[in-house]
Amino acid sequence: MLQLFNTLTGKREPFEPIEPKKVRLYVCGVTVYDYCHIGHARSALVFDVLRRYLEYSGYHVTFVKNFTDVDDKIIKRAHEQGVTCEAITTKYIDAYHEDMGKLGVRPASVEPKATEHMADMIELTGTLIKKGLAYHIDGDVYFDVAKYPEYGRLSKRRLEDLQAGARVDVDERKRHPMDFALWKSSKPGEPSWPSPWGAGRPGWHIECSAMSIRHLGETFDIHGGGMDLIFPHHENEIAQSCGATGKEFARYWIHNGFVQINQEKMSKSLGNFFTIREIFEKSKWSSDVTGEVLRFFLLSTHYHGPLDFSDRAIDEAKQVLEGFYGLFNRLRERDGRTEDDKSLQSVIDKTREGFKSSMDTDLNTPMAIAELQLLRGEVNRLLGVGLSAQGRQDALQAFRELGAVLGLFQLDRWEYGIKAEPGHNQISGSEIESKLVERREAKKRKDFTRADAIRKELNALGITIEDKPDGTSRWKR
RNA sequence: GGCGCCGUACCCAAGUGGUAAGGGAGCAGUCUGCAAAACUGCGAUGCGGCGGUUCGAACCCGCCCGGCGCCUCCA
């Protein structure tokens with residue numbers, strides 16, 4: 001049974017959905033004013049894997065991931081570039097899909113935008129005022145945290161402990177320094193919508209409450225996001241939602257750790273971030289390979305902890321994947337050995353169980369990967385003895401099946417080496433094949449000098465040769 | 001000041017009371033004309049430090065050291 005670490009309780013708990021076999025999942029997406037970096041990728045990937053694993057476990061998952069498309073930073077960016085906010089948000093929503101697509105992140109079931117839910121947000125804000133949990137001043141509406149006794153239960157903070165104004169001046173008009181905006185009056189030139197409190201736009205937190213309630217209902221199963229959202233964003237969402245509905249909001253709160261560079265959080269303000277597209281552009285490998293390498297890297301650490309991004313870590317991820325894809329290639333080849341798949345099935349079954357129990361343990365992807373690595377070793381060993389065509393097919397299928405849960409191992413062909421640069425050192429597959437024929441003949445004549453020369457020549461072009469027992473060779477680049 | 005995360009071998013990384021998974025690198029070996037790949041063997045008497053609880057602790061408790069994050073927007 002799946003256990004998840006719930007930030008709300010600070011414990012690992014068995015996961016039980018409200019409705020049997022159905023899961024309603026909401027994840028905070030991104031504010032679309034710039035390209036996504038690896039940190040965004042990690043978050044997206046964690047919840048993509050959670051969704052995949054829930055589906056693998058037989059649940060029907062309704063997965064909602066929003067886009068914040070009305071925000072100060074978007075307005076600022078639009079002004080800087082002299083374009084409309086919509087031009088900015090459209091551009092970066094498209095970029096989001098493109099970048100995440102390369103990482104194999106599946107689109108959510110619903111991807112709502114804040115601007116499409118104005119009525120819901122206005123209604124929710126109105127309800128909070130009516131209930132006395134929010135107040136209205138000069139066209140702005142604030143949530144009254146003092147009126148909500150449970151405030152701080154997610155982030156485990158007490159209002160008295162919060163050092164308001166530590167880094168930002170407190171708005172004097174607010175009743176409590178921690179009161180946050182539900183609705184902001186708009187200045188000239190800013191996007192605005194009509195409301196009972198005058199023309200304005202919603203605060204950040206209210207959109208997630210409105211969209212999650214709209215698409216998943218007042219109480220749903222899982223709410224996720226990066227750890228930096230625990231406070232104040234998710235704390236505020238709980239206050240608004242529970243305050244308005246009087247019901248429980250999300251039951252399980254899941255938060256992923258940060259990607260770091262040299263032990264420091266990757267963030268815009270520190271300027272130490274790499275965008276996803278930047279990494280693909282700079283990568284010396286093909287797009288498919290780069291995507292899977294990145295994906296493997298991001299899943300090789302438990303989602304809750306920090307993850308240090310480095311070239312070295314990326315190279316290692318590639319190396320490990322090559323080990324897997326090398327095996328897959330060998331599994332696809334016919335070989336003339338004696339067949340002996342006796343223990344194969346039990347090895348696969350054992351792996352499947354180990355994989356599931358790893359994933360059941362708070363989505364322990366590193367442990368799940370370790371199970372696959374164990375299987376890799378076992379299958380390699382068995383392949384050395386000899387596997388039937390069926391056995392090889394079964395093994396391949398097991399890797400595909402379990403890999404799919406992590407979004408790995410789905411490539412038909414793995415490009416081992418570096419991206420071909422236009423007009424530089426290109427050699428076609430058929431040219432390689434003819435070189436290999438020549439080399440094979442040289443080997444037959446025991447002309448090893450010639451054979452080695454050909455191998456060296458191909459090596460120089462980034463082609464690695466592996467000689468098979470039957471005298472033929474396989475190659476990879 | 002408050003809240004929280006993290007510290008496991010050369011590197012990455014699991015393990016939340018029962019005696020240190022897995023991978024990478026390295027070294028040695030098997031196979032090979034030689035390679036490559038694969039396989040086999042070797043590698044922490046110890047899990048930041050010091051105390052404590054326990055028959056037993058990397059895992060629980062206390063103190064300390066070090067790194068990081070949040071308390072403004074941030075995945």
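Quick note on labels: first sequence line is chain A, next is B, and so on, each numbered from 1.
- Residue A/Ser43 places its side chain closer to B/rA75 than to any other of B/rC73, B/rG69, B/rA75.
- Separating the CD1 atom of A/Ile230 from the C1' atom of B/rG2 is a distance of 15 Å, rounded to the nearest angstrom.
- A/Gln3 places its CD atom 12 Å from the C1' atom of B/rU16, with the value rounded to the nearest Å.
- Here A/Gln319 reaches the OP1 or OP2 of B/rA25: one of its side-chain N or O atoms lies under 4.0 Å away.
- Contacts of A/Val46 with the nucleic acid, taken as non-hydrogen atoms under 4.0 Å apart, are absent.
- Ionic pairing of A/Lys265 and A/Asp228 is present here: one or more N-O contacts between side-chain nitrogen and carboxylate oxygen are shorter than 4.0 angstrom.
- Using a 4.0 Å heavy-atom cutoff across all strands shown, A/Lys156 reaches sugar-phosphate atoms only and no base atom.
- A donor and an acceptor atom, one from each side chain of A/Trp414 and A/Glu292, are nowhere located under 3.5 Å apart.
- A salt bridge links A/Arg439 with A/Asp467; the closest basic N to acidic carboxylate O contact falls under 4.0 Å.
- Looking at A/Glu401 and A/Arg352, a side-chain N of the basic residue comes within less than 4.0 Å of a carboxylate O on the acidic one, giving a salt bridge.
- B/rU19 and B/rG46 have their C1' atoms separated by 11 Å, given to the nearest Å.
- A salt bridge links A/Lys184 with A/Asp72: the closest approach of a Lys/Arg side-chain nitrogen to an acidic carboxylate oxygen falls below 4.0 angstrom.
- Closest of all the heavy-atom pairs between A/Pro306 and A/Thr301 is O-CG2, 3.7 Å.
- The aromatic rings of A/Phe355 and A/Tyr53 stand perpendicular to each other, their planes meeting at an angle above 60°, with 30° marking the opposite boundary.
- Each of A/His234, A/His223, A/His304 was evaluated against A/His255; a single residue qualifies, A/His234, per the side chain to side chain donor-acceptor pair (under 3.5 Å) test.
- A salt bridge is defined here as a Lys NZ or Arg NE, NH1 or NH2 lying under 4.0 Å from an Asp or Glu carboxylate O, and A/Glu353 with A/Lys356 fails to meet this definition.
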So which protein nitrogen or oxygen atoms get under 3.5 Å of nucleotides 30-34 of chain B's nitrogens or oxygens?
unit_1	atom_1	unit_2	atom_2	d
B/rG33	N1	A/Asp452	OD1	3.0
B/rG33	N2	A/Asp452	OD1	3.4
B/rG33	N2	A/Asp452	OD2	2.6
B/rC34	O2	A/Arg455	NH1	3.4
B/rC34	O2	A/Arg455	NH2	2.3
B/rC34	N3	A/Arg455	NH1	2.9
B/rC34	N4	A/Asp467	OD2	2.9

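- Using a 4.0 Å heavy-atom cutoff across all strands shown, A/Gln260 reaches sugar-phosphate atoms only and no base atom.
- Contact detail for A/Val49 and A/Val405: the closest heavy-atom pair is CG1-O, 4.0 Å.
- Between the C1' atom of B/rC3 and the OH atom of A/Tyr151 lies a distance of 13 Å, rounded to the nearest Å.
- Following rounding to the nearest Å, A/Leu50 (CG) and B/rA75 (C1') show an atom-to-atom distance of 15 Å.
- When the P atom is used for both B/rC5 and B/rC63, the distance is 15 Å, rounded to whole Å.
- Using cut-offs of 30° and 60° for the angle between ring planes, the A/Phe220 and A/Tyr26 rings count as tilted.
- Going from atom NZ of A/Lys73 over to atom C1' of B/rA75 covers 12 Å, rounded to whole Å.
- Across all strands shown, A/Pro469 has no heavy atoms under 4.0 Å from either base or sugar-phosphate atoms.
- Spacing between B/rC42 and B/rG22 at atom P, rounded to whole Å, works out to 12 Å.
- Here the separation of B/rA58 from B/rC50, taken at their P atoms, is 13 Å to the nearest Å.
- Under the 4.0 Å criterion applied to side-chain N and carboxylate O atoms, A/Glu150 and A/Arg153 are assigned as salt-bridge partners.
- Using a 4.0 Å cut-off between a side-chain N of Lys or Arg and a carboxylate O of Asp or Glu, A/Lys113 and A/Asp69 do not qualify as a salt bridge.
- Distance NZ (A/Lys318) to P (B/rA25): 13 Å, rounded to an integer number of Å.
- For the salt bridge (charged side-chain N to carboxylate O under 4.0 Å, His left out) condition, no pair includes a residue of residues 253-264 of chain A, sequence neighbours left out.
- Listed by residue number, the members of residues 355-364 of chain A with any heavy atom below 4.0 angstrom from RNA chain B are A/Asn364.
- A close approach under 4.0 Å does not occur between any side-chain nitrogen or oxygen of A/Lys65 and OP1 or OP2 of B/rA75.
- Ring pair A/His117/A/His215: centre-to-centre distance below 6.0 Å.
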- Message: Within the 4.0 Å limit for protein heavy atoms, which parts of nucleotides 5-13 of chain B are touched? Write it as a string from 5' to 3', B for base, S for sugar-phosphate only, - for none.
- Response: ------S-S
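- For the C1' atoms, the distance linking B/rG56 with B/rG17 amounts to 8 Å, nearest Å.
- For the pair A/Arg376 and A/Phe324, the cation-pi test (distance below 6.0 Å, angle within 45°) is passed.
- Here A/Ile465 lies in heavy-atom contact (under 4.0 Å) with a base.
- Looking at heavy-atom distances under 4.0 Å, A/Gly10 makes no contact with the nucleic acid at all.
- Looking only at atom types and distance, the side chain of A/Ser358 has no donor-acceptor partner in the side chain of A/Asn364 under 3.5 Å away.
- In this structure, A/Lys11 places its NZ atom 15 Å from P of B/rG4, rounding to the nearest Å.
- The residue A/Gly39 sits close to a base: some heavy atom pair falls under 4.0 Å.
- Straight-line distance between the P atoms of B/rC65 and B/rG49: roughly 15 Å, to the nearest whole Å.
- On the C1' atoms, B/rA25 is 35 Å away from B/rC64, given to the nearest whole Å.
- Atom-to-atom, CE of A/Met178 to P of B/rC71 comes out at 9 Å; the value is rounded to the nearest Å.
- Comparing B/rG41 with B/rC34, their P atoms are spaced 24 Å from each other, to the whole Å.
- In RNA chain B, stems built from 3 or more consecutive Watson-Crick or G-U wobble pairs, each with both distances under 3.5 Å, span B:1-7 with B:65-71, B:10-12 with B:22-24, B:26-30 with B:38-42, B:48-52 with B:60-64.
- Judged by a 6.0 Å distance limit and a 45° cone about the ring axis, A/Arg157 is positioned over the six-membered ring of A/Phe231.
- A/Glu13 and A/Thr9 share a side-chain donor-acceptor pair at under 3.5 Å.
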Report each atom pair, protein N/O against N/O of nucleotides 37-41 of chain B, whose distance is under 3.5 angstrom.
unit_1	atom_1	unit_2	atom_2	d
B/rA37	O2'	A/Arg330	NH2	3.3
B/rA38	O3'	A/Asn380	ND2	3.1
B/rC39	OP1	A/Asn380	ND2	3.4
B/rC39	O3'	A/Arg381	NE	3.1
B/rU40	OP1	A/Arg381	NE	2.8
B/rU40	OP1	A/Arg381	NH2	2.6

